Amino acid sequence: MSCILLIIIALCIVPLISCHEFEVNGKVLELDESNFDAAISSFDYIFVDFYAPWCGHCKRLSPELDKAAPILSGLKKPVVVAKIDADKYSRIAKKYDLDGFPTLKIFVHGVPTDYNGPRKSDKLVRYLRKFVAPDVTVLESDSAITEFVEAAGTSFPIFIGIGLDELALLNLAKKLKKNAWFSVAKDFSETTMALYGLNKTPALVALHPNFDDQSIFYGPFEDKSVEEFIRQNLLPLTLPITGESLKLLKDDKRKIVLTIVEDETHYESKEFLKLLRTAASANREFVFAYVGFNQWQDFAEAFEVSRKTPLPKMVVWDGDEVFYSVNGSESIHSKDQESQITLFLERFREGKVTEKTVGPSFLGYLMSLLGMRMVYIIVFLLAVVFLIVTMGKEEPSAGDPRDPFHYPASGSTSVAESDNRTSNDKED
């Protein structure tokens, strides 16, 4: 009788164990092909590292995930951190179309979204907090506004609707949740209005804490007008060119007024960038971006800049392979630079330009923006042609297809780490 009772108890317990297959204890879950789908469906929010054991970047990322996991699992809406050897479990890699290691994805209620944010543990935590936050946070006091801005950090733009109904932002906030923080302040004082330089309400404030940028929109609060303001302010007034910012530019359809300075850290460059900010504020139909020759020489050289070129130099870039040199405004001289910027824009609008093609180093840009897959296809086709032409003359040497800054999966490379500038963790 006692044996039968034990069997009945065991049968009752087994389903309970299977329901709690994954123990959430603040550690990184190690998944495999047998339990991956179950894990994705078991948690509302799960952050997955698709790694390969031989990948150097993966090895450096692992301790950062170990540090982030207990913090993320302790959030009000927990985020579970997991990893899977996608080199070993190729079916999983193929299912999610992985093109490099590590590949990071956040699954929200089973739906994957690519993660291209920072990889240091503290900033990774701050980034992922946004995925579990409300689409639009409602703030009920001055202190709540302050706490929201401080908690949001500096990685994303922040939009605060002062005296604005949350419905005015909700639809757009859902679409752009991975790009920015959204909030509305229902209760606030004159102190808050003075802090943000407001002279009336309702108003929509756009903040870029990392760049000390602020813009204010007083309406009309129609869907089209609000969306135009928000999309124009997803980028700061003046954007430094990095591997990460190139990916942001890809999503913006405006032409780019690109300025090449000698060195971003020099006093003269910083003073010139202040003038660019003023021009950018008055000409929102353009994106204003800049790069230092000393910071990213290969990129600058793609726009016909060398160490002998008088700098600053301004061009208008279409974000792809074409840029425009403005006739008579090829370089900006040291005197009355503000007027020269204005003249540059006027001449461009009048069509006084010479169309040019981005130089050979544009290949590096393609790699960083599109990944190596297409590049490898092109190289393969060229290699086939080369073999046909040279057949019988000499054996072509076999090279290592792996990019020095990223490890490819199935013959491809990840977007985020394909150029030297993005491999130095500057985004972190």
Side-chain angles (χ1 to χ4, degrees), residues 7-53 55 57-59 61-137 151 173-175 177-179 181 409-410 414 416:
I7 292 172
I8 293 172
I9 293 172
L11 289 173
C12 292
I13 292 176
V14 167
L16 295 177
I17 294 173
S18 64
C19 289
H20 297 83
E21 179 183 354
F22 305 101
E23 183 182 356
V24 181
N25 56 6
K27 295 182 179 179
V28 178
L29 295 179
E30 180 74 50
L31 303 177
D32 57 38
E33 205 167 62
S34 68
N35 62 8
F36 183 86
D37 291 338
I40 298 304
S41 61
S42 295
F43 302 105
D44 290 342
Y45 304 96
I46 179 167
F47 181 73
V48 181
D49 169 25
F50 297 86
Y51 74 96
C55 163
H57 285 288
C58 302
K59 293 174 183 177
L61 176 62
S62 183
E64 300 296 332
L65 296 182
D66 289 338
K67 287 185 282 186
I71 303 172
L72 291 168
S73 67
L75 295 177
K76 188 174 181 181
K77 294 183 178 179
V79 178
V80 175
V81 179
K83 62 182 179 179
I84 182 168
D85 182 349
D87 188 45
K88 178 179 180 181
Y89 301 110
S90 57
R91 184 186 68 83
I92 297 294
K94 184 176 181 180
K95 179 179 179 179
Y96 292 99
D97 194 27
L98 304 188
D99 65 354
F101 298 123
T103 292
L104 305 173
K105 292 181 184 288
I106 174 74
F107 290 79
V108 180
H109 302 293
V111 179
T113 299
D114 289 335
Y115 176 87
N116 295 308
R119 298 183 179 187
K120 297 296 184 183
S121 59
D122 56 341
K123 292 193 169 85
L124 185 146
V125 168
R126 182 170 287 178
Y127 195 109
L128 289 178
R129 280 182 58 251
K130 187 160 61 61
F131 282 88
V132 300
D135 296 325
V136 179
T137 301
K174 287 180 178 179
K175 288 196 291 185
K177 184 171 184 177
K178 68 178 183 178
N179 302 101
W181 290 95
S410 303
S414 166

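These numbers come from a predicted model, not from an experiment.
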From [X] [atom1] over to [Y] [atom2], what is the distance, rounded to the nearest 0.5 angstrom?
| X | Y | atom1 | atom2 | answer |
| --- | --- | --- | --- | --- |
| Glu33 | Ile84 | CD | CD1 | 7.0 Å |
| Leu29 | Ile46 | CG | CD1 | 6.0 Å |
| Lys83 | Asp66 | NZ | CG | 6.0 Å |
| Lys120 | Arg126 | NZ | CZ | 15.5 Å |
| Leu61 | Leu104 | CG | CG | 5.5 Å |

Taking all heavy atoms of [X] and all of [Y], pick out the closest pair and write down the distance.
| X | Y | value |
| --- | --- | --- |
| Ile40 | Gly110 | CG2-CA, 3.8 Å |
| Thr103 | Gly100 | OG1-O, 2.6 Å |
| Glu64 | Arg119 | CB-O, 3.4 Å |
| Leu31 | Tyr89 | O-CE1, 4.3 Å |
| Ala68 | Val125 | CB-CG2, 3.8 Å |
| Val28 | Ala69 | CG2-CB, 3.9 Å |

- Item | Full working for side chain to side chain contact (heavy atoms under 4.5 Å, CB included) between Leu65 and Tyr51 | CA-CA 12 Å; Leu65 296 182; Tyr51 74 96; over 6 Å; no
Could you check whether atom NZ of Lys105 has more than 12 heavy atoms from other residues, nucleotides or ligands sitting under 6.0 Å from it?
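Yes, enclosed.
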Exercise. So, the side chain of Lys130 versus the backbone of Lys177: is there a donor-acceptor pair under 3.5 Å, distance only?
Worked result: yes
- Name all residues meeting the side-chain hydrogen bond (donor to acceptor under 3.5 Å, both in side chains) criterion together with Lys95; count only those two or more places apart in sequence or in a different chain, and write none if there are none.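 So Lys95 forms a side-chain hydrogen bond (donor to acceptor under 3.5 Å, both in side chains) with Asp37.
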For Phe101 and His57, run side chain to side chain contact (heavy atoms under 4.5 Å, CB included): C-alpha distance rounded to whole Å, both residues' side-chain angles, the deciding distance at 0.1 Å, then the answer.
CA-CA 8 Å; Phe101 298 123; His57 285 288; over 6 Å; no
Requested in this report: Any side-chain hydrogen bond (donor to acceptor under 3.5 Å, both in side chains) involving residues 69-80? Give me the pairs, sequence neighbours left out, ordered by first then second residue.
Outcome: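 For residues 69-80, and leaving out neighbouring residues, there are no side-chain hydrogen bond (donor to acceptor under 3.5 Å, both in side chains) pairs at all.
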| request: Walk me through it: do Asp44 and Val132 pass the test side chain to side chain contact (heavy atoms under 4.5 Å, CB included)? | output: CA-CA 9 Å; Asp44 290 342; Val132 300; over 6 Å; no
Take Lys178 and Thr113 through the test side chain to side chain contact (heavy atoms under 4.5 Å, CB included) and record every step on the way to the result.
CA-CA 9 Å; Lys178 68 178 183 178; Thr113 299; 4.2 Å; yes
Note to self: Determine whether the aromatic ring centres of residues Phe47 and Tyr115 are separated by less than 6.0 angstrom.
What the structure shows: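 Yes.
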Discussion item. Over 60° means perpendicular and under 30° means parallel, so tell me whether Phe36 and Phe50 are parallel, tilted or perpendicular.
Written reply: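 Ring orientation of Phe36 relative to Phe50: tilted.
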Tyr127 six-ring centre to Lys123 NZ/CZ under 6.0 Å and within 45° of normal:
no
